Amino acid sequence: MKKICFLMILAFFILLMACQNTPTDEYVINKDSEIFEQAMEEENNNQCIGFPDSWETSYKKYNGNLEVIIDAEVIVNKDVLNYAVAEIKPYYIPIDQANKIINAIYGTTDVYLAITDMTKSEIEERIIDIKADIQGANSNNDQSKVEYLQSVIDYLYEKLENAPDEVTLYKYNGEYQIIKEDGYEHHSIVLRENPLDKYTPALEIHNTLESKYSNGYDSYVLYDDLSKETYYISDDTSSIKFDENPIFETQDAENAVKIANAFLEEIGVKSRYLVDMLATTSGYGNNDISGYVMIYAREFNETIIQPYVQFGGSLYNNKIVNEEDYIDPFINESLLIEVSNEEIIRVDWSNIYEINSIMKENITLIEFSQLMESVENQLAVKYAYAENNQLEYSLYIDKIILTYAVEPIKDKKYEYMLIPVWAFYGGYDYGEGQELSDGSVLEGKQPELISLLTINAVDGSIISGK
């Protein structure tokens, strides 16, 4: 199973400098605060004049079940004096760009659509396989699985009635396939190198518009060569930051970056920056490098928007009435490219958006020391599951980064903005070792790529998460 990880650098505590004219309210998780709205309405916001270079503290929660150790470098682009708020809009992948992507992947647009319908013989074979699975589920007294598998068989029998005897191949005609239903519109291209072989490389390009079943829109590109299964290397080198890691200083790694950058240039993707790399291997448990994954981030206001910053938010935010009404929030863009043997074998580009307008040129940020007063409570709430967990969690934070994240615009459905946030990065420290429920043992520091906590830099509340 692929495992994404990295270790961030440690730093020493230095006395903080303050930001001028900041609010003094008590900050809590997910509160429906008016502070942000007030800050947006202020005509003259004071600039932030400085931040600490580092922060150090530690504490325990839930009778010691959760220990938090913060020994972190505070990372800020000190050339940025004004922090803007921007409205974003969905990025629709135009057909011209879609064709560039197809040509960059396959070397031509003369390709076939992937086959989505099964023939009668394929459906009959699938029914036989599922019936065997039902026998196994019955032997294990797993009634819920039996009921689910039976529903699949019922569905397949319905499909069998009108299934074709043979598949029909269709060439790509240079246009999106469009599906329109009530509350839903989807524009898609799904291609396969060999449409008769489901294990050959497949490319999907999608634009979802006006969907009442999601956050309103979605665009993504996914290319995967299923014949080349790879695994992330998780040896001692995986804990070293990529720009300091000797395994990424080789000619092979440099060539992989050049190939990925050339691909982005060819398909017209601009203003993306390489922020991390991971090494891959062709066999599970094998640490011989076979390829590299390049992780890119976009920039706004001379600030790199950190990958996976949205994961530091809360799952249900203060704007949700109840869980039944909950819809996954639109989150920051993700862009990964994997290169092996000097060819691209995977592209994953999702949650794509563009700047629509600047809502506020300069917004006042909360004083950093006041922000950190709320962090203890916010971490305790976010990781409250540790209270009843048999394992003791030691959470460490070694980077606190001022960046941007996506938030819903209040009282406006499916409308979003980029706001300045503080993202807390680190991981878990299992000390000399802890045995997990599956019998595996983790020891030492296990870094995470995702943000452990992400806080609105204006009002100190936790952002909407993923």
Side-chain angles (χ1 to χ4, degrees), residues 16-42 45-55 70 72-88 297-314 317-318 329 331-332 358-379 382 397 399-410 416-425 451-465:
L16 65 92
M17 298 174 68
C19 289
Q20 297 179 351
N21 194 24
T22 54
T24 58
D25 293 38
E26 180 182 358
Y27 301 98
V28 296
I29 294 286
N30 289 339
K31 82 172 187 176
D32 192 9
S33 171
E34 295 181 356
I35 296 174
F36 185 86
E37 285 73 27
Q38 291 173 354
M40 289 290 288
E41 293 173 0
E42 290 179 9
N45 294 107
N46 291 321
Q47 295 179 346
C48 194
I49 60 174
F51 302 95
D53 293 318
S54 61
W55 195 270
I70 301 176
E73 178 185 9
V74 178
I75 300 176
V76 177
N77 183 351
K78 295 185 178 179
D79 293 331
V80 177
L81 299 178
N82 299 333
Y83 281 88
V85 175
E87 181 184 6
I88 61 175
R298 64 189 301 156
E299 181 188 58
F300 173 69
N301 194 32
E302 299 182 66
T303 303
I304 299 295
I305 301 176
Q306 296 298 312
Y308 310 110
V309 65
Q310 218 76 31
F311 286 80
S314 62
N317 62 35
N318 58 298
I331 65 172
N332 261 317
I358 300 300
M359 301 171 66
K360 183 77 172 176
E361 291 284 354
N362 179 29
I363 194 164
T364 300
L365 306 186
I366 183 176
E367 182 181 342
F368 189 83
S369 60
Q370 190 171 4
L371 173 94
M372 293 304 295
E373 289 176 3
S374 70
V375 167
E376 180 174 345
N377 177 56
Q378 289 167 324
L379 283 169
K382 184 169 175 59
I397 293 169
K399 275 188 179 179
I400 305 172
I401 304 176
L402 183 55
T403 181
Y404 278 86
V406 176
E407 272 284 87
I409 297 177
K410 186 177 180 181
Y416 301 86
M417 59 186 171
L418 275 179
I419 65 168
V421 298
W422 287 102
F424 293 72
Y425 287 88
S451 170
L452 301 176
L453 179 70
T454 305
I455 298 175
N456 186 322
V458 177
D459 65 14
S461 64
I462 194 167
I463 68 161
S464 302

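For this chain, numbers begin at 1 and follow the sequence in order. The analysis underlying the following values was restricted to heavy atoms, covering all of them including side chains, and did not include hydrogens, waters or symmetry mates. If you're wondering where the values come from, they're calculated on a predicted model, not measured in any experiment.
- Here Ser451 pairs with Ala423, Tyr425, Thr454 under the side chain to side chain contact (heavy atoms under 4.5 Å, CB included) rule; sequence neighbours left out.
- Of all heavy-atom pairs between Met372 and Ile70, the closest is CE-CD1, 4.1 Å.
- Qualifying side chain to side chain donor-acceptor pair (under 3.5 Å) partners for Glu376, counting only residues two or more places apart in sequence or in other chains: Lys61.
- In this structure, CD1 in Ile397 is found 12.5 Å from CH2 in Trp55, a value given to the nearest 0.5 Å.
- For Phe51 and Trp422, the distance between ring centers is under 6.0 angstrom.
- For the pair Glu73/Asp53, no side-chain contact is recorded, criterion being any heavy-atom separation below 4.5 Å from C-beta on.
- In this structure the side chain of Glu373 never reaches within 4.5 angstrom of the side chain of Leu371, judged on heavy atoms.
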For Ile455 and Ile463, run side-chain contact (heavy atoms from CB on, under 4.5 Å): C-alpha distance rounded to whole Å, both residues' side-chain angles, the deciding distance at 0.1 Å, then the answer. CA-CA 6 Å; Ile455 298 175; Ile463 68 161; over 6 Å; no
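- Of all the heavy atoms in Lys399 and Ala72, the pair that sits closest is N-CB, 3.7 Å.
- In this structure, CD in Glu41 is found 10.5 Å from CD1 in Ile363, a value given to the nearest 0.5 Å.
- Heavy-atom contacts from other residues, nucleotides or ligands closer than 6.0 Å to CD of Glu299 number more than 12.
- Considering only heavy atoms from C-beta on, Phe424 stays 4.5 Å or farther from Ile401 through its side chain.
- Side-chain contact check for Tyr308 versus Asn332: every heavy-atom pair is 4.5 Å or farther apart.
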Tell me, with the steps shown, if Tyr404 and Phe300 meet ring-ring contact (aromatic ring centres under 6.0 Å, His included). CA-CA 8 Å; Tyr404 278 86; Phe300 173 69; 4.9 Å; yes
Leu452 and Phe311: side-chain contact (heavy atoms from CB on, under 4.5 Å), yes or no, with the steps? CA-CA 7 Å; Leu452 301 176; Phe311 286 80; over 6 Å; no
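- Here Lys382 contributes atom NZ and Asn377 contributes atom CG; the two are 13.5 Å apart, rounded to the nearest 0.5 Å.
- Distance OG1/Thr303 to CZ/Arg298: 13.0 Å, rounded to 0.5 Å.
- Taking the side chain as every heavy atom from C-beta outward, Ile462 and Asn456 never approach each other to under 4.5 Å.
- Ala405 and Val309 make their closest contact through CB-CG1, 4.0 Å (heavy atoms, listed as atom of the first residue, atom of the second, distance).
- Within the model, atoms CD1 of Ile75 and CG of Asn77 stand 11.5 Å from one another, a figure rounded to the nearest 0.5 Å.
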Given Ile88 and Met417, is the side-chain contact (heavy atoms from CB on, under 4.5 Å) satisfied, shown in steps? CA-CA 5 Å; Ile88 61 175; Met417 59 186 171; 5.9 Å; no
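- Leu402 is listed as a side-chain neighbour of Tyr83, based on a closest heavy-atom distance under 4.5 Å.
- Looking only at side-chain heavy atoms (C-beta outward), Val421 and Thr403 come within less than 4.5 Å of each other.
- Residues Ser461 and Asp459 bring a donor and an acceptor atom of their side chains to less than 3.5 Å of each other.
- With hydrogens and angles ignored, the 3.5 Å screen pairs a side-chain donor or acceptor of Gln310 with a backbone N or O of Val406.
- Side-chain contact between Met40 and Val85 is present, with at least one heavy-atom pair separated by less than 4.5 Å.
- Interatomic distance, CD1 of Ile366 versus CD1 of Ile35, reported as 7.0 Å (0.5 Å rounding).
- Not counting sequence neighbours, the partners of Glu87 by the side chain to side chain contact (heavy atoms under 4.5 Å, CB included) test are Asn356, Ser357, Met359, Ile409, Glu415.
- Closest heavy-atom contact between Ser374 and Gly460: OG-O, 4.0 Å.
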